Amino acid sequence: MTNAHKDALFVLVKSLSKSEKRQFKLYVGRLGVNTDAKFLALFNLLDKMRGYDETVILDSGIVKKTQLSNLKAHLYKQVLVSLRLNPVNQNIRVQIREQLDFATILYQKGLYKQSLKILDKVKSIAIEHEEKNIAYEIVELEKIIETQYITRSIPDRADELSVQAKELSEQNVMTSKLSNLSLQLYGMMLKVGYVRNDEDYWKVRRYFESHLPKYQLEALGFREKLWLYKAHLWYSFLIQDFLSCYKYASKWVDLFYDQKEMIYLNPVFFLKGNHYLLESLFYVKYSSQFKETLDKLEHMVNSNSFPKNDNISSLAFLYINSNKLNLHFLEGTFEKGLYLVKVVEYGIAKHKDRIDEHHIMVFYYKIACLYFGVGNNKTCIEYLKKIINNKNLKMREDLMCFARVLSLVAHYEAGMDYHLEVQLKSTYKFLLKMDDLHEVQKEMIKFLRNLGDIYPHELRNEFQKLYDQLKKYEDHPYEKRAFLYLDILSWLESHLQNKPVAQIIREKAMAVTR
């Protein structure tokens, strides 16, 4: 049996909505000869199957084994054609491409004037919507037609097209350089993570400054500015300058609100920009602005005019609920956030084919933090086990590390002393394999390893020592990110002041807003 996730056709068929399936059958049935077509029979069979099983297909008698590969390829293509014809997928970008195709067909038939008329009209639409790559293709086709058929309808036509091609080419080169830089910085973030010392910092800074092209901001269009802000954002994340992250994420989002038509043409970039803005606000603990931004995003996503499709639905679920959890962490309202657990678990099941496993594990970590905040340490441990026991997951080591550290703290709080000893050994071995172990992690492990030798009356003094030791790292340029994953200082304060950790966080949040 083939894994369903590895069979592209099966995944595509299962991703179709009821209306898309109905449209596909109408599209196939537009000619009577297709009614009994083998590919339609295969479609119906795949639609009914719970999991992809090639044996079931072959036993159905629809197709022989030697023909199956070709039939699947044909069906895959027909489904895509049907989806392309769906009005839901007819955005400006698709419409421009369609008009370019029509113009190309007219040109090939020798109907030059008709082709040029379509190209001139669609070129204006492409430039207006910042589709400069397609606009450049259109100009190049216009140049080809003009070399074969001189219309003489516009004086100096050759000069006009040459200038237009040059301008579009320069703009596309700028976009390419900025998008390349942004992608490389994002790759660094995934591969290496945040800078860990001065050497890392200067390496990243030199790379950024040497690859950032010279530009005049007022000369840049929407798309060039978008990639510029993205590049600055990833650079800021890498060097842990979260105020700068907030600055460039704000510019990214404002770019869309200033040109609202771009929200509907590029909804994914709009969602991602808002997510990074919220992430930045979370890091700088600006809770009032965070709540306002999240409410505004949710209102926009739920509006009738916002584009709707499976990918957008999955991303909206991911970003909105992840940040709803973060809001409860910011405000210390853990109890109020527990309703999100069912919402998130339902959403994970619904969108599992479009959300990668890393983001699912991040959700589990946030849920674990939620239960830790309300004092339900055993449930916290259960969610952390989902991360720690996931042997096949290639995820950022820092998240795996803090899942283990939080598990240790939760075991201690739950009074599970035997399990704590086992966890300590396992976590210590894991951390030794990491080449970027931070001082905060080292101090935590050292403290938890010595717990067995501490008498109950000495405990408060040991908590104070650890607190004083960790407090100095709170604003350290390379150590402070440890507190983004686990607010260990608030946990220590809760023991020192004999208050619930949620109350400590709430009091801090209220102090910031006053």
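Owing to the predicted nature of the structure, the values given are computational and were not obtained by experimental measurement.
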Partner of F222 under ring-ring contact (aromatic ring centres under 6.0 Å, His included), picked from W252, F256, W227, is F256
- Query: Is there side-chain contact between I488 and V409, with heavy atoms separated by less than 4.5 Å?
  - Reply: yes
Residues at least two apart in sequence or cross-chain that pass side chain to side chain donor-acceptor pair (under 3.5 Å) with S314, listed by chain then number, are H351, R354
Exercise. Assess the side chains of Y27 and Q23: does a donor N or O sit below 3.5 Å from an acceptor N or O?
Key: no
Applying ring pair (Phe, Tyr, Trp, His ring centres under 6.0 Å) to H129 and not counting sequence neighbours gives none
The side chain to side chain donor-acceptor pair (under 3.5 Å) partners of N304 (sequence neighbours excluded) come to none
Residue pairs meeting salt bridge (Lys or Arg N to Asp or Glu O under 4.0 Å), one or both in residues 177-186, sequence neighbours left out, come to none
Contact check, side chains of K308 and I312, non-hydrogen atoms, under 4.5 Å: no
Going by atom types alone, do K272 and Y319 pair a side-chain donor with an acceptor below 3.5 Å?
yes
Exercise. Checking S182 side chain against S179 main chain: does a donor-acceptor pair fall under 3.5 Å?
Worked result: no
Requested in this report: Check whether any side-chain N or O of K14 sits under 3.5 Å from a backbone N or O of D47 as a donor-acceptor pair, and report yes or no.
Outcome: yes
Residues passing the ring pair (Phe, Tyr, Trp, His ring centres under 6.0 Å) test with Y229, sequence neighbours excluded, are none
dist L228:CG -> L233:CG (nearest 0.5 Å) comes out at 11.0 Å
Residue pairs passing the side-chain hydrogen bond (donor to acceptor under 3.5 Å, both in side chains) test with at least one member in residues 330-350, sequence neighbours excluded, are H328-T333, E345-Y383
Are M188 and L238 close enough that some pair of their side-chain heavy atoms sits under 4.5 Å apart? yes
Hits for side chain to side chain donor-acceptor pair (under 3.5 Å) against W491, two or more places apart or cross-chain, chain-then-number order -> E413, H495
Distance-only criterion, 3.5 Å: show the donor-acceptor pairs between side-chain atoms of residues 68-75 and protein atoms not counting sequence neighbours.
unit_1 : atom_1 : unit_2 : atom_2 : d
K72    : NZ     : D7     : OD1    : 2.7
K72    : NZ     : Y52    : OH     : 2.9

Checking side chain to side chain contact (heavy atoms under 4.5 Å, CB included) for the pair L338/Y371: CA distance, chi angles, key distance, verdict? CA-CA 8 Å; L338 287 175; Y371 280 114; 3.7 Å; yes
Residues at least two apart in sequence or cross-chain that pass ring pair (Phe, Tyr, Trp, His ring centres under 6.0 Å) with Y264, listed by chain then number, are none
Heavy-atom nearest pair, K25 first then F43, reads CE-CE2, 3.8 Å
Given the options N390, V344, I348, Y364 meets side chain to side chain contact (heavy atoms under 4.5 Å, CB included) only with I348
### Task
Kindly assign one of parallel, tilted or perpendicular to the pair F329 and F334, based on the angle between their ring planes and the thresholds 30° and 60°.
tilted
Query - Pair N266-R93, side-chain donor/acceptor within less than 3.5 Å - result: yes
Notebook entry, point to check: Quick one: does L40's side chain get under 4.5 Å of F24's, heavy atoms only?
Noted result: yes
Interatomic distance, OH@Y248 vs OG@S244, rounded to 0.5 Å, equals 5.5 Å
Side-chain contact, heavy-atom cut-off 4.5 Å: L83 with L12? yes
Sorted by chain and residue number, the ring pair (Phe, Tyr, Trp, His ring centres under 6.0 Å) partners of H211 (sequence neighbours excluded) come out as Y207
Polar contact flag, side-chain donor to acceptor under 3.5 angstrom, N326-K366: yes
Quick check: does any side chain N or O of E298 sit under 3.5 Å from a backbone N or O of D295, one acting as donor and the other as acceptor? no
In this structure, CG of N311 is separated from CG of L315 (nearest 0.5 Å) by 4.5 Å
By side chain to side chain donor-acceptor pair (under 3.5 Å), S176 pairs with (sequence neighbours left out) none
inquiry  = Quick one, I57 with M49, criterion side chain to side chain contact (heavy atoms under 4.5 Å, CB included). Give me CA distance, side-chain angles, the key distance, then yes/no.
reply    = CA-CA 10 Å; I57 297 172; M49 290 169 66; 4.2 Å; yes
Sorted by chain and number, sequence neighbours left out, side-chain contact (heavy atoms from CB on, under 4.5 Å) with V405 holds for C401, M444, L486
>> Do L489 and I504 make a side-chain contact, defined as non-hydrogen atoms from C-beta onward lying under 4.5 Å apart?
In response: no
Just checking Y257 against F270, ring centres under 6.0 Å apart? yes
Give the intermediate values and the outcome of side chain to side chain contact (heavy atoms under 4.5 Å, CB included) for residues V204 and Y235. CA-CA 8 Å; V204 170; Y235 172 65; 3.8 Å; yes
Note to self: Does this structure show an ion pair linking E54 with K65, if we count only N-O contacts that are shorter than 4.0 Å?
What the structure shows: yes
NZ of K352 to CD1 of I355, rounded to nearest 0.5 Å, is 11.5 Å
So CG of L406 and OH of Y365: to nearest 0.5 Å the spacing works out to 5.0 Å
One should read off an interatomic distance between Q503 CD and Q497 CD, to the nearest 0.5 angstrom, of 8.5 Å
Got F363 and L325 here, is their nearest side-chain heavy-atom distance under 4.5 Å?
yes
Do Q289 and Y246 get their side chains close enough for a donor-acceptor pair, meaning under 3.5 Å? no
